Amino acid sequence: MDYLQRINRLKDRVIGTRPEMDLENALLLTESFQSTEGEPLALRKAKGFRLQCERKDVTIYPDELIVGSPGSKTRGGILCADTCWSVLDAELDTIGERRYDPFSLRPEDKRAFCDVIRPYWKGKSTYEAWLAQIPDDTRALRDTGMVYINRKAVRGWGETTAGYRRILTEGLEGICAKARARRAELDLTRPGDYEKDYYLQSILIAADGIRTLAHRYAEEAERQAAATPDPARAAELRTIAANCRWAPEHPARTFHEALQALYLYQCAIIMEQNAASYNPGRMDQYLYPFYAADLAAGRLTPEGAQELLDCLWIKFSETCLFQDAVTAEFAAGYPMFQNVCVGGVDLAGRDAVNELSYLILQATMDVQLYQPSLSVRYNMAKNPTAFLRKVVELIRLGTGFPAFHNDETGIRMLMNKGIPLREAYDWNPCGCVETNLEGRLRHYTALADINLGGIVELALTNGVNRKSGRRIAAETGDPAEFATYDDFLAAVKEQLRYAVRAVVKGSHVIDEVCMDRPVPALSLSFAECVERALDYSRGGAKYNTGNGVILIGIADLVNSLAAVKQVVFEQGAVSMAELLRALADDFAGAEDIQGQLLAAPKYGNDAGWVDDIAGEIYTFIADEIESYRSKFGTMTPGILPVSGNTPFGLEVGALPSGRNAWKPLADGVSPSGGTDREGPSAVLKSVSRIPHDRFVQGTLLNMKVEPEFLATESGIAEMMALLKSMCTLGVFHVQFNVIDRDTLLDAQRRPELYKGLLIRVAGYTAYFTELGKDVQDEIIGRTTQRGISVG
Amino acid sequence: MVSALGELARTPGMVLRIERASIHDGPGIRTVVFLKGCPLACQWCSTPESQSPLPQTGLDQQVYGRVMTAHEVVDEVLKDEVFYFHSGGGVTVSGGEPLAQSAFTAAVLRGTKEHGIHTAIETTLFGSRPNVARVLAWTDHLLVDIKHVEDAEHRRWTGVANSAILENLRAVAASDFAGTITARVPLLPGVNDDDLNLFRTALICKEIPQLDQLELLPYHRLGRAAYRNLGLDYALDALEPPSAAHLADRLEYLNNAVPEVKTVLAR
Ligand code: SF4
């Protein structure tokens, strides 16, 4: 396929570039803010944004068909000065070397930071405001790693789906016309109208900035077209110029214009506030009219559309998320989480899969980069089997994409957020596995994480943090006095209540701090923000809910409860005092106790009573979180550690589940590594006992799949059946890692890293590293013989 | 369901293990119930721990075999109902030799069938005619191994004559058994993979009206860990599994020689 040559060249340029700090954006914002002192904040932000658009780098790289960048580097980490300049301040000397997500920083940039950015912004950022206002109890839990709650103060908004559809169909001119009409209705003698007036001005200024930026790219394309000796490239550049000249100022007329306008707007909102999780959402839906019209008019072929999508996919992979070292540990890999979604149902509840859905899946198969995050909304009742098959073909590539979502559960989650069904049909996955609604919904989907391993520990220490020895939480009684399982359970619940309260208090502070974080460029694509003349940050969107409270260590909590119930209170094999001593010593000299705890039934094996514990405790937690409201609405629970289970685990001592101290917790709703011995169907059965629809910010399941499941035609059919079964069971999401040949070879070489790796042998399942070398070789041979090479 | 309940609860069997979500033992996603006890002693047997009808303890203290009632087994099988529904799968009773515990096997199959779930057995058909009939009454799909058509060779490699097996197979083919039959040859280089044996096997298959296909099951040595654990020697240690090229060649031969029988590689 010819177009892939271009794609591979573009791709090589991106993966050959080391991420670098990009301060252009921060310097321009600083310059603008220095000249607008005294004006309303929203106006200052809009003017700063416009100056960025007027002056930023507008390089167009060879081979590109979609152009634009939020910064000045190929893989730049943009510093959002007004939000969190001080994050870089703290890491000026270490950012190039840090373990997770390092960025190189040039000496001249370092100087500019010290001379210009720091002196101006000191004391003015939202991060500093948060640090000054964090409630004491929240701080104590944060400092000991029992909750993680800084995320929203160290980067911009994100966690939203802008109104891309509006940008494409109304254009900036349509949006500005509405803003002007609203301004004309205002009466500046009426209280409140002054704020609306300057806010609408800031919308108009931001729109002007985006238009200017597009025109500057058009000029650059024209300049390059005139200079290039290659007539084919000159023609491409002239098309780019024409596209940027027209859209997003005016409504897009072609598929190519629509993609270009979409991406320039994406750059604009990242420039305004760099953050993860600005989600393009349902591209197969809102781009389809452009695609269909082009095809009908003979302007475009499916191959041509594929090439354009692939070019856009590369652009999505360029920008790197800059965040502090700790936050990077919780979500490593520079993850921008620009979540694109295909499939699902339309506004009438009908099958929404179209040709573009397939082209979008193919783009991820072609490009195989880490962005965009590709999600599937699979509606079992409505979507065709051919679509599911294409999804499985992508799964077998072993890239971890797509994130597979059960559409019916997603729709229910949106409804549980207070969105009426007719609009819930239009939901889209957001960031990791959260739920969102294009151009209509505002909340932080993942404001804070609660460490459930830590909760168990606090119930067994009467509120004292094991690592620091400090009392940081509720006093739930001397655990040696627990006479029944219910006493223990009650203490765990009390610690949960305490942590949820602390997080809710922190969330209210963040909400307050973020009222002064206006985002006119983002808000302008939210119809109601313009209509109400109220910024996204202040609740201007059509729907607002409370922030997301996220749980980490699902399996650790369930397995700890189950082990205490069985080993201590039912069998009486270990006394509470013995258990406490063993945990304090990390099982040193108490290996027999650890053995008994590990032998207790574990979540993930379809063991009814263990899974009943899961169902009960997670219903309790969802109830608890939803019992609080913020000024924006009901608080929203979710289960989605990105990589937060690892840093959280470092803060938690030994647990009754048998887990050793300071080891990672289980991820998402997945069983603890290596404890699921009954195969994928049992895992799904256990996982289905968690009330997924209640966790409206999503639930995340990682599964490993053995190549044999995907090797043959019938394997593909069984994989499809497995996914349908998962939907029937009401599980929300699953993502697959393929255990490929390389993994097995590596496990043979470094068994210590693969202790929990389970593999089917012949009619039974075993730990791969415990098999003899001959059997291991035979299994590795099996993966080659079937011609599988994935990953 | 109620009618069978008492009988199920009263029928115990010796179960080696139950494997869920298997995709190798019949159509769809299946739960495979491996039973203890086999009258054969194939030298290549990949589950030596299934041969003895009694429980055994390995060197690593792992216990092979436990008594379960048919009722308990059916409960275990029902856990994956939703997966059978979407994949067309069900239960497969395997061995050892399920005919060696025919009352138990029949009870498990019957108990499962009463829930509308697809049933299969994996057998050599080495058993008495009434036992075969008792089990097949509740079977939708029969997976039958034909290890060698030459009696002397069959005795040499498996320790028993093949006459009962082939007679049973002919009898089932001629009976009103309405399910489907898949015949399988465990393909062992130098043992049973020659043209003549494969050709004669396919000819037998040709005469089975219920046959859907003949499958070649490539020999593997994954059972070696179990031999070690039971302190047994593995007789065929030096025998290499067939190469992909060899498998393709055997497949092509059979499809040309007896085109009426659809021959495929087992998945
Ligand atoms: S028939 Fe099967 S279980 Fe019995 S000895 Fe032969 S291979 Fe083993």
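In what follows, chains are A, B, ... by sequence order, proteins preceding strands, each numbered from 1. The analysis underlying the following values was restricted to heavy atoms, covering all of them including side chains, and did not include hydrogens, waters or symmetry mates. Here the structure is a predicted model, which means the values were calculated and not measured.
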May I ask you to check whether over 12 heavy atoms, not counting those of B:D233, lie within 6.0 Å of atom CG?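 Not more than 12 within 6.0 Å, no.
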
Heavy-atom count around A:K704 NZ within 6.0 Å, excluding the residue itself: above 12?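 Open: at most 12 neighbouring heavy atoms sit under 6.0 Å from NZ of A:K704.
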
With a 4.5 angstrom heavy-atom cut-off, is it the side chain or the backbone of [X] that approaches chain B, or both, or neither?
X      : value
A:A717 : neither
A:L723 : neither
A:M719 : neither

Below 4.5 Å from any heavy atom of chain A, which atoms of B:V32 appear? Answer side chain, backbone, both or neither.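 B:V32 has no heavy atom closer than 4.5 Å to chain A.
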
In plain terms, say whether A:K382 and A:D407 are close enough for a salt bridge, that is, a side-chain N and a carboxylate O under 4.0 Å apart.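 So A:K382 does not pair with A:D407 through a salt bridge.
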
Can we say B:D193 and B:R250 salt-bridge, meaning some charged N sits less than 4.0 Å from an Asp/Glu carboxylate O?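 Not counted as a salt bridge, because no side-chain N and carboxylate O are separated by less than 4.0 Å.
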
What about the rings of A:H733 and A:F404, do their centers lie closer together than 6.0 Å?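 That pair fails the under 6.0 Å test.
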
Suppose the criterion is side chain to side chain donor-acceptor pair (under 3.5 Å): which pairs have a residue in residues 593-604 of chain A, not counting sequence neighbours?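 Pairs touching residues 593-604 of chain A that pass the test: A:Q594-A:N660.
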
Neighbourhood of chain A inside residues 83-100 of chain B, taking heavy atoms under 4.5 Å as contact: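 Result: B:F83, B:H86, B:S87.
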
Do B:T180 and B:D212 have a side chain donor and acceptor closer than 3.5 Å?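 Not at all, the side chains of B:T180 and B:D212 share no donor-acceptor pair under 3.5 Å.
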
Going by atom types alone, do B:K36 and B:Q101 pair a side-chain donor with an acceptor below 3.5 Å?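 The criterion, which ignores hydrogens and geometry beyond distance, is not satisfied for B:Q101 and B:K36.
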
